[in-house]
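See structure below.
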Amino acid sequence: MNVKFKNYNCNIMFGQYGNGNTAIQLIDEKDGYPVAVATVNGLHKCPNDIVGIKDWSENEGMMDALIQAHVIENELLLMERTGFVYIGYYKLTDQALKLLKEFKVGQQT
């Protein structure tokens with residue numbers, strides 16, 4: 001999946017936080033270097049299809065970029081206060097879930 005974030009054309013790479021929550025990183029499609037970590041691991045233990053999006057500071061605009069790229073649905077499910085900001089939780093799209101399942105299968109081999 002391709003995501004346009006700021007002036008970068010990125011691919012998404014899934015990962016997993018220590019508590020099992022799904023992580024998403026944006027990787028520059030030209031040089032393969034990391035551009036941004038799109039998610040943040042809040043206090044909530046989430047199902048695999050729900051992610052907390054970091055949409056502040058250097059990640060401002062991340063939510064819109066992920067919605068436009070059809071990575072997350074546009075419905076805000078939950079907000080969690082963390083310090084001076086809020087983490088927005090969103091459901092992954094069916095297309096993103098398919099890639100997530102491929103990532104998890106790759107982890108098992």
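Quick note: numbers below take in every heavy atom, side chains included, and nothing from hydrogens, waters or symmetry partners.
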Is [Y] reachable from [X] through a run of hydrophobic residues whose side-chain heavy atoms are each under 4.5 Å from the next?
X: Val71; Y: Ile27; answer: no
X: Met63; Y: Leu78; answer: no
X: Phe103; Y: Val37; answer: no
X: Met13; Y: Val40; answer: no

Requested in this report: Could you go through the side-chain contact (heavy atoms from CB on, under 4.5 Å) check for Val3 and Ile12 one step at a time?
Outcome: CA-CA 7 Å; Val3 176; Ile12 64 168; 3.6 Å; yes
With rounding to the nearest 0.5 Å, note down the distance linking [atom1] in [X] to [atom2] in [Y].
X: Leu76; Y: Tyr90; atom1: CG; atom2: OH; result: 4.5 Å
X: Ile67; Y: Asn74; atom1: CD1; atom2: CG; result: 5.5 Å
X: Gln68; Y: Asn2; atom1: CD; atom2: CG; result: 13.5 Å
X: Met1; Y: Leu66; atom1: CE; atom2: CG; result: 9.0 Å
X: Thr93; Y: Asp49; atom1: OG1; atom2: CG; result: 10.5 Å

Report task. Could you walk me through whether Lys91 and Leu97 pass side-chain contact (heavy atoms from CB on, under 4.5 Å), step by step? Result -> CA-CA 9 Å; Lys91 184 173 179 13; Leu97 279 171; 4.1 Å; yes
Query raised in the report: So do Lys30 and Asn9 actually touch side chain to side chain, heavy atoms under 4.5 Å?
Result: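 Sidechains of Lys30 and Asn9: no contact.
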Hey, is [atom1] on [X] packed in by over 12 heavy atoms from elsewhere, all under 6.0 Å?
X: Lys98; atom1: NZ; answer: no
X: Glu58; atom1: CD; answer: yes
X: Glu29; atom1: CD; answer: yes

Report task. Only counting residues at least two apart or in another chain, list the ones meeting side chain to side chain contact (heavy atoms under 4.5 Å, CB included) with Asn21. Result -> Tyr17, Asn19, Asn41, Lys45, Cys46
Requested in this report: Answer yes or no: is there a donor N or O on one side and an acceptor on the other, between the side chain of Asp55 and the main chain of Gly61, under 3.5 Å?
Outcome: yes
**Report entry** Under 3.5 Å: donor-acceptor pair, side chain of Glu80, backbone of Leu43
**Finding:** yes
Query raised in the report: Angle class for the His44/Tyr89 ring planes (parallel below 30°, perpendicular above 60°, tilted otherwise)?
Result: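 Ring orientation of His44 relative to Tyr89: perpendicular.
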At their closest point, which heavy atom of [X] faces which heavy atom of [Y], and how far apart are they?
X: Tyr86; Y: Trp56; answer: O-CZ3, 3.5 Å
X: Phe5; Y: Ala65; answer: CD1-CB, 4.1 Å
X: Pro34; Y: Gln25; answer: CB-NE2, 3.4 Å

Report task. Dump the intermediate steps for side-chain contact (heavy atoms from CB on, under 4.5 Å) on Leu26 and Met62, then the final yes or no. Result -> CA-CA 10 Å; Leu26 301 185; Met62 183 63 71; 3.6 Å; yes
Report task. Using the side-chain contact (heavy atoms from CB on, under 4.5 Å) rule, take Ile24 and Leu92 through it: C-alpha gap first, then chi angles, then the decisive distance, then the call. Result -> CA-CA 11 Å; Ile24 300 173; Leu92 293 172; 4.0 Å; yes
**Report entry** side-chain contact (heavy atoms from CB on, under 4.5 Å), paired with Thr39, selected from Asn59, Ile87, Thr22, Ile53
**Finding:**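 Only one option passes, and that is Ile53.
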